[in-house]
Protein chains: 2
Amino acid sequence: MIKHNEIERENIMKIMSIPEIKEYLNNNGIKPSLPRIKIFEYLNNYKSHPTADEIYLALIDELITLSKTTVYNTMDLFLKHNIIIQILIEENEIRYDSLTSNHGHFKCIKCNKIYDFKYDLADISIKELNGFSLNEYHTYIKGICKNCSENK
Amino acid sequence: MIKHNEIERENIMKIMSIPEIKEYLNNNGIKPSLPRIKIFEYLNNYKSHPTADEIYLALIDELITLSKTTVYNTMDLFLKHNIIIQILIEENEIRYDSLTSNHGHFKCIKCNKIYDFKYDLADISIKELNGFSLNEYHTYIKGICKNCSENK
DNA sequence: AATTATTTTGTAATCATTACATTTAATGAA
DNA sequence: TTCATTAAATGTAATGATTACAAAATAATT
């Protein structure tokens, strides 16, 4: 069962300019301070599914007073306003993604890159879950990506 | 694409007696010491998808010299011999499952119970992953279970 | 400008997991 | 059985990501 193209397109989070990010944060009830804008920009435009620590390290050269607590606080704020999701793939680390529509993640065990992919679990009828109400779907797959396979 | 009943049945991990557990550990290259048998018994027969800490607390009254390190060591051993899997649903905790065949988990946000369910992601063709080799599938769903829905 | 509320920051605490060294138990040869 | 060797279990300390908390800086409001 394929979704409407319109709906799909809406849910693909594209690269955003600074003014677009400001507007996006405002529209979601978040005052767009400099750290918030930069953190969201990093998260959304690099699409690397970073940890809080990776975000901190990526931004500290530019925002030289940034603290790790601010990164964590900001992630909590973004989560509360539903503009990011947490993803769990490895124990001991939380990663973040600005693409909030339902999708899965593939992690390459060679290059460690995390890829997004679309899927719809609703396509599978799960008889054990009849009568259950399903809120959040999370799926990840581990393996070797095309790039790493081809480069032997 | 439904699997053979034979294969499915094989993959459903049933309640096991102590002698069966001993044999199972032996067959998988693990010397069946008392802590190992008891830990596996708890994991397999209660099917509660416990954390290491929960296993420790469940067994300490009976195995009064048990240490938490032993639980962790044993989980690592079981993992290395592929008789358990790790499951990640909440940040900050690793849970374990003695059912190693591909299946998903449903966590009820009311009663916190974790249910197993069968599914096969191979039923969905994921075009983004063409050319990728897929090794491990992990899926969890959060929501409200039938029991909690019915009891208002 | 003064006051108040919000945001950011640094330090310390928490807590699950791991590292490591020691003790205990099991195994096997003499 | 005893001694020597290996494996298993244990306790304590270290690690590292995340959170708590209080203070400092910034922004908004009167």
Side-chain angles (χ1 to χ4, degrees), chain A residues 21-22 25-26 28-43 48-81 83-97 112, chain B residues 21-22 25-26 28-43 48-81 83-97 112:
Chain A
I21 292 172
K22 276 191 185 176
L25 295 180
N26 268 323
N28 284 280
I30 297 167
K31 199 185 300 177
S33 70
L34 179 58
R36 289 169 180 175
I37 293 168
K38 286 291 176 181
I39 289 172
F40 190 85
E41 183 191 29
Y42 182 75
L43 199 57
S48 57
H49 308 85
T51 62
D53 195 57
E54 287 169 355
I55 296 171
Y56 172 80
L57 291 174
L59 296 179
I60 187 62
D61 285 345
E62 190 178 353
L63 303 179
I64 56 177
T65 66
L66 184 66
S67 91
K68 220 175 274 189
T69 302
T70 298
V71 177
Y72 279 109
N73 287 344
T74 304
M75 301 330 277
D76 285 348
L77 184 71
F78 287 176
L79 282 168
K80 202 171 55 186
H81 289 267
I83 65 167
I84 65 171
I85 57 170
Q86 285 187 342
I87 63 182
L88 305 175
I89 299 188
E90 306 293 341
E91 348 66 85
N92 85 354
E93 63 179 28
I94 301 175
R95 294 183 172 276
Y96 300 95
D97 192 343
N112 288 324
Chain B
I21 292 173
K22 277 190 185 174
L25 294 181
N26 269 323
N28 284 279
I30 297 167
K31 199 184 300 176
S33 70
L34 179 59
R36 288 170 182 175
I37 293 168
K38 285 291 177 183
I39 289 171
F40 189 84
E41 182 190 30
Y42 183 75
L43 199 57
S48 58
H49 309 84
T51 62
D53 195 57
E54 286 169 356
I55 296 170
Y56 172 79
L57 292 173
L59 297 179
I60 187 61
D61 285 345
E62 190 178 353
L63 303 179
I64 56 177
T65 64
L66 184 66
S67 91
K68 218 176 274 188
T69 303
T70 298
V71 178
Y72 280 108
N73 288 344
T74 304
M75 302 329 278
D76 285 348
L77 183 71
F78 286 177
L79 282 169
K80 202 171 55 183
H81 290 267
I83 66 167
I84 65 171
I85 57 170
Q86 284 187 341
I87 63 182
L88 304 176
I89 299 186
E90 306 293 341
E91 345 68 83
N92 83 355
E93 63 179 28
I94 301 175
R95 294 183 172 276
Y96 300 94
D97 192 344
N112 288 325

Original post:
Any idea which of dT18(D), dT9(C), dT10(D) is nearest the L66(A) side chain?
Top reply: dT9(C)
**OP:** Choose from dT11(C), dA19(C), dT18(D) the nucleotide whose nearest atom is closest to any side-chain atom of T69(B).
**Re:** dA19(C)
Subject >> salt_bridge(R95(B), E54(B)) N-O dist < 4.0 Å >> reply: yes
Subject >> Any donor-acceptor pair under 3.5 Å from R36(B) side chain to K31(B) backbone >> reply: yes
**OP:** Report the nucleotide, chosen from dT7(C), dA16(C), dT9(C), that has the shortest atom-to-atom distance to any side-chain atom of Y72(B).
**Re:** dA16(C)
Original post:
dT19(D) P sits how many Å from N73(A) CG, rounded?
Top reply: 10 Å
**OP:** Please work out if D53(A) contacts a base, only the sugar-phosphate, or nothing of the nucleic acid, heavy-atom cut-off 4.0 Å.
**Re:** nothing
Original post:
Using rotation axes that map the C1' atoms of four end pairs onto the next four (five pairs an end), what angle separates the end axes of the helix from dA1(C)-dT30(D) to dA30(C)-dT1(D), to 10°?
Top reply: 10°
Subject >> Side chain of T70(A) (C-beta onward), nearest among dA9(D), dT19(D), dT8(C) >> reply: dT8(C)
Subject >> Nearest-0.5 Å distance, CG of residue N28(A) to CZ of residue F40(A) >> reply: 8.0 Å
Original post:
When rounded to the nearest 0.5 angstrom, what is the spacing between CD1 in I39(B) and OG in S33(B)?
Top reply: 7.5 Å
Original post:
Quick one: Q86(B) CD to dT17(C) C1', roughly how many Å, whole number?
Top reply: 11 Å
**OP:** Just compare dT10(D), dT17(C), dG10(C) and give me whichever is closest to any side-chain atom of A52(B).
**Re:** dT17(C)
Original post:
Picking from Q86(B), E93(B), E91(B), what satisfies side chain to side chain contact (heavy atoms under 4.5 Å, CB included) with E91(A)?
Top reply: Q86(B)
**OP:** Give the nucleotide from the list dT27(C), dT7(C), dG10(C) with an atom nearest to the side chain of K31(B).
**Re:** dT27(C)
Original post:
Is T74(B) touching bases, backbone alone, or none of the nucleic acid, heavy atoms closer than 4.0 Å?
Top reply: nothing
Original post:
From I94(A) CD1 over to I89(A) CD1, what is the distance, rounded to the nearest 0.5 angstrom?
Top reply: 13.0 Å
Original post:
Is it true that atom CG of L34(A) has more than 12 heavy atoms of other residues, nucleotides or ligands lying nearer than 6.0 Å?
Top reply: yes
Subject >> Listed nucleotide nearest any side-chain atom of S67(B), set dT17(C), dG11(D), dT9(C) >> reply: dG11(D)
Original post:
Expressed in angstrom and rounded to an integer, what is the separation of Y56(A) atom OH from dT9(C) atom P?
Top reply: 9 Å
Original post:
dA26(C) phosphate, OP1 or OP2: any side-chain N/O from S33(B) under 4.0 angstrom?
Top reply: no
